[in-house]
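Right, one structure below, let's go through it.
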Amino acid sequence: MHRIYKNPVKMNIEVLIRNEVAKAVNTLYQAEIDAAQVQTQMTRKEFEGDWTVVVFPFLKLSKKGPEQTAEELGNYLIAKVNEILKFNVVKGFLNLVVSDQYWINVLTKAFNNQQFGSISDAANAPLYMVEYSSPNTNKPLHLGHIRNNLLGFSIAEILKANGNKVVKTNIVNDRGIHICKSMVAWLHSGKNETPESSGKKGDHLVGEYYVKFDQQYKKEIAELEAKGMSKEAAEANAPSMIKTREMLLQWEANDPEVRALWQKMNTWVYKGFDVTYRNLGVNFDKIYYESDTYTIGRDEVLRGLKEGVFTRREDGSVWVDLTNEGLDEKILLRSDGTSVYMTQDIGTAKLRYQDYPIDHMVYVVGNEQNYHFKVLSIILDKLGFQWGKDLYHFSYGMVELPQGKMKSREGTVVDADDLIEGMIDVARKTSEELGKLDEYDETEKENIYRMIALGALKYFILKVDPKKTMLFNPEESIDFNGNTGPFIQYTYARIQSVLRKAKDAGILWESNNLPAQLEPKELELIKRISNFPDVVKEAGQNHSPALIANYCYELVKEYNQFYHEFTILKESELAKKSLRLVLSETVARVIRNGMLLLGIECPERM
RNA sequence: GGUCCUGUAGCUCAACUGGAUAGAGCAGCGGCCUUCUAAGCCGCAGGUUGUGGGUUCGAGCCCCGCCGGGAUCACCA
C-alpha cells in the first residue's frame, strides 16, 4: 500500500523509525527491505511505549527468535534516533519510548496551527463532484433521505479537508411517472387545494396525493381482478394508470396545461424541501433537474442506437445487452418513446462533465441501486465516455425501524420534518430541566436546542459504518448521554467554560511556557490529538464519516478523564497550568473541527 | 436460482484494513457534586466474534463449504 505522509509532525518520527529499521535490517542482517513495508503502530495503552515495530516479518532475515531480533533492532534505534529514549520487547513487538519533549513539540505545532488536521486546496487540486439527496418530487423527505443527506454533506466536507475541490450537487427527480401520479390524483380529488388554502407544507401536500393515487389504483386493480382479469393486466389497465401514462406522454410532448400543473405542484414541493434542507443544515453548489437532462440522455441513447451499441426491438423499445458483462438486458427507452431512470442518468452525467472539469464523480445513493450504477458505468463506457468506468457509487445501507423496513403504504415512514421537530422538543425539555442556559434569551436558547437536537440526530446516523444497514428506534435513539453527539458537544462547552474562566482571571497560556515532563494522562491526550490528521485522511480515503465520529468520541472520553483527574485553573505550577490550558484549547478546536466535518455545530454553553 | 452486502455482550455500535488480553454506549448493580459544567467520572457484571474447515509466526478481518438476515436481477425510481 502506498502511503503519503502529509502531516509533518508525525512524518518525522514514524517515517524516521521505518527508515532506520530498514537500515538496521540492512546492516544487521544484510537484507534489503523497503522502509514503507516496515510495520509500525502506536503502542497500545497497556504496554509501555509510544511507537511499536512489529518484528515478525524480519525473522526470516535475521534467522533469530523474535525477542532477540527485537532486542537488536531496539539497540540500533536507540543509538540512531535521538527522540527514542528506551525500549522494551514483548513477544515480537518492539515498543519504543519517545521523549516527552517530542510530544510537547507535537502539541505545540497542533496548538499553533489553526488548520490542524485539514489541508487547504492547492490550485491544481482534483475536483470532486458529490451527488447526494436526489429527491423525488412526489413526497416529502423521510429518515432514509436523512441518512443520504448527512452522508453526502459530510463526505463533501471531508473531501475538502483533504485538500480537494468539491462541488456538491443535487439531481432533482422532478419528472416521470411518479409525479404524474400525484398530479392525476390532485386533478381527480384535489378541489384546488394548495399549501396556502390548507396550511400544509408543500411537499407534504403533494405527498398526500401520491398516497391517494396509490389507494385509488389499488382499488381499481382489485375491481378488475374480481372481474377475472390477471394481476398484470389489471395493473396495466386500471383507469388511473392509463390516465397517468397519458399524462406522462402529454408532459413529454410539452402540453401547456400539463406543464403548468406540473410546474405549480413542483414549486410547492421545492418550498417544502428548502425548509427541510435548511433545518438539516445541508446545501448544494449546483442543482440539476431531471426535466432538463432526460432529453440529453435520450439523444445519447439514440446516438448509441445509430452506432450499434444498443438495439431496438419490434415494439420500438431500446435496449442494451449486457450479457457479455455478466448482467442482463436493460431497457433505455420505452416502446412509447418515453425515458426511464437510466436515460436521465446518462444525460445528467454527460451534462455535468460538460459543466465542470470533474476528476472524481461520487454518487451517494443507497445500496439498493448497486446494480443500477454498475449498469450506468458500463453504458457510459460503451457510449465512449472515458470517465464512465471511473464513477464511484458511494453505496450506503438502509435505515430500518424496530418493526423492519419503512413502508410508505403501511404508514411506518419516519418523516424528516417530524423527526427533527421531535428531537428539538426533547432537547428543549432536557435543557430546561438542567437550567444551564437561564441567562440566555429565547432566540439564543432555541438556537442551542436546535444544535443539540441535530447533533444527536446527525451523530447517531453518522457514527455507524455507512455501508451497513442501521437500526433507528424513534423511542430509544433520542439519547443525549453516552456515545452521542450531545456528549461531545457538552465536552466542548465545558472546555469553553474553563477557558472563559481562565481569561476572566487574567491567566495567560502559551505554548512557549510548557513543562519538560508530562503526566501519563496528558501524554495520552497529546497522542490522541496527534492522530487527528490521519483520521481525516483515512475518512477521506474510505469515504467514512464514521471514522471521524468515533475519533471525536474517543478524544472526548479521554479528555473527560483528564478533566476529572487534574485541576486546571488551580494548578500552582505555571508551566503545568499553561500546558493544561493549551491542551484543553487544542482538544476543543479538534472537537469543533471534527464535528464540523460531520455537519455538527458545537455550542459555547449547554 | 444468479450477483452483491451482512452476521461481534440482552440491545445499538467499535476494533487503526492481518498484530499483543475483542472495546464503548444503552439497559442492570454499586460508588463520586462545599472544588474549573454530574448531558460527567470511577467500579462490578456481561463473549466459543453464526458455524465447520483452510492459509501463517499470528485470523473478528483473507480463502472454501454450510446456516441465518438483507438488497437486486421491471416498459418502477
Side-chain angles (χ1 to χ4, degrees), chain A residues 1 39 41-44 46-47 52 54 56-57 59-60 66 90-93 95 134 136 138 173 176-178 236 245 290 313 315-319 326-328 330-336 338 340-342 344-345 366-372 374-375 395 397-398 400 402 404-405 427 430-431 433-434 436 452 456 460 463-465 467-473 476-477 479-484 486-491 493-502 505 531 534-535 538 542 546-547 549-551 553-554 557 560-561 563-571 580 584 605-606:
Chain A
M1 186 171 56
Q39 287 184 55
Q41 55 190 256
M42 292 192 90
T43 306
R44 297 180 62 126
E46 55 266 42
F47 302 98
T52 294
V54 185
F56 289 111
L59 301 185
K60 281 176 193 147
V90 181
K91 294 198 246 176
F93 299 92
N95 300 321
S134 310
N136 294 342
N138 62 335
N173 227 311
I177 202 87
H178 54 87
R245 279 201 306 269
E290 179 177 332
R313 289 191 182 170
D315 62 8
S317 55
V318 178
W319 294 73
L327 305 173
D328 298 294
K330 187 84 187 173
I331 191 163
L332 299 175
L333 286 177
R334 294 193 187 96
S335 52
D336 64 7
T338 57
V340 294
Y341 185 49
M342 187 64 76
Q344 164 295 115
D345 254 342
N367 61 13
E368 56 195 350
Q369 295 191 34
N370 285 354
Y371 183 79
H372 174 79
K374 203 183 271 186
V375 171
S395 162
M398 300 289 98
E400 288 187 358
K405 284 194 66 176
T430 311
S431 237
E433 278 169 14
L434 292 169
K436 294 178 185 175
I452 295 169
F460 184 85
K463 77 173 176 181
V464 339
D465 185 344
K467 67 171 183 262
K468 289 189 179 173
T469 303
M470 67 171 291
L471 189 117
F472 187 89
N473 184 335
E476 294 171 12
S477 298
D479 199 345
F480 293 171
N481 299 315
N483 187 357
T484 65
F487 168 51
I488 297 169
Q489 292 171 316
Y490 167 77
T491 306
R494 190 186 230 184
I495 295 174
Q496 293 313 310
S497 171
V498 174
L499 297 180
R500 273 194 304 268
K501 289 213 160 85
N531 277 335
D534 287 335
V535 173
E538 207 185 334
N542 295 347
L547 295 175
N550 289 320
Y551 169 82
Y553 176 66
E554 300 288 337
K557 209 171 155 45
N560 278 319
Q561 288 166 1
Y563 180 89
H564 277 267
E565 194 174 331
F566 297 102
T567 180
I568 299 169
L569 299 177
K570 289 182 179 163
E571 170 58 48
R580 287 173 196 167
S584 296
R605 289 174 212 263
M606 68 182 273

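Every chain is numbered from 1, with letters handed out A, B, ... down the list of sequences.
Where stacking is scored as ring centres under 5.5 Å apart with planes under 30°, F56(A) does not register as stacked on the base of rG58(B). In this structure, the aromatic ring of F47(A) is positioned over the six-membered ring of the base of rA20(B), centres within 5.5 Å and planes within 30°. Stacking of the aromatic ring of Y371(A) onto the base of rU72(B) is not found under the criterion of centres within 5.5 Å and planes under 30°. With centroids closer than 5.5 Å and planes inclined by less than 30 degrees as the test, F93(A) and the base of rA20(B) pass as a stacked pair.
Toward the 5' end of RNA chain B, the nearer of the two residues Y490(A) and H178(A), judged by each one's closest nucleotide, is Y490(A).
rG25(B) and rC62(B) are spaced 30 Å apart, taking the C1' atom of each and rounding to whole Å. With P as the reference atom, rG53(B) and rC11(B) are 26 Å apart, rounded to whole Å. Spacing of C1' atoms, rU51(B) relative to rG58(B), comes out at 22 Å, to the nearest Å. Comparing the C1' positions of rA24(B) and rG46(B) gives a spacing of 13 Å, expressed to the nearest Å. rG68(B) and rU55(B): their P atoms are spaced 28 Å apart (whole Å).
In this structure, K557(A) reaches the rG25(B) phosphate: one of its side-chain N or O atoms is under 4.0 Å from OP1 or OP2. Here K468(A) reaches the OP1 or OP2 of rG7(B): one of its side-chain N or O atoms lies under 4.0 Å away. Residue R334(A) places at least one side-chain N or O closer than 4.0 Å to OP1 or OP2 of rA77(B). Applying the 4.0 Å criterion to OP1 and OP2 of rC26(B), one finds that N483(A) has every side-chain N and O outside that range. The phosphate of rG19(B) has neither OP1 nor OP2 within less than 4.0 Å of any side-chain N or O from Q41(A). Distances shown here put a side-chain N or O of R494(A) below 4.0 Å from the OP1 or OP2 atom of rA38(B).
Side-chain contact annotation: N560(A) with T491(A), donor-acceptor N/O pair under 3.5 Å present. If you check the side chains of S317(A) and R313(A), you find no donor sitting under 3.5 Å from an acceptor. Counted by atom type alone, Q369(A) and Y341(A) present one or more donor-acceptor pairs between their side chains at under 3.5 Å. For S395(A) and N370(A), the side-chain atoms include at least one donor-acceptor pair closer than 3.5 Å.
Side-chain contact between N95(A) and V90(A): present, with at least one pair of heavy atoms (C-beta onward) separated by less than 4.5 Å.
rC32(B) shows a glycosidic angle more than 90° from 0 and is accordingly assigned anti.
Counting any heavy atom pair closer than 4.0 Å across all strands shown, V498(A) reaches sugar-phosphate atoms only and no base atom.
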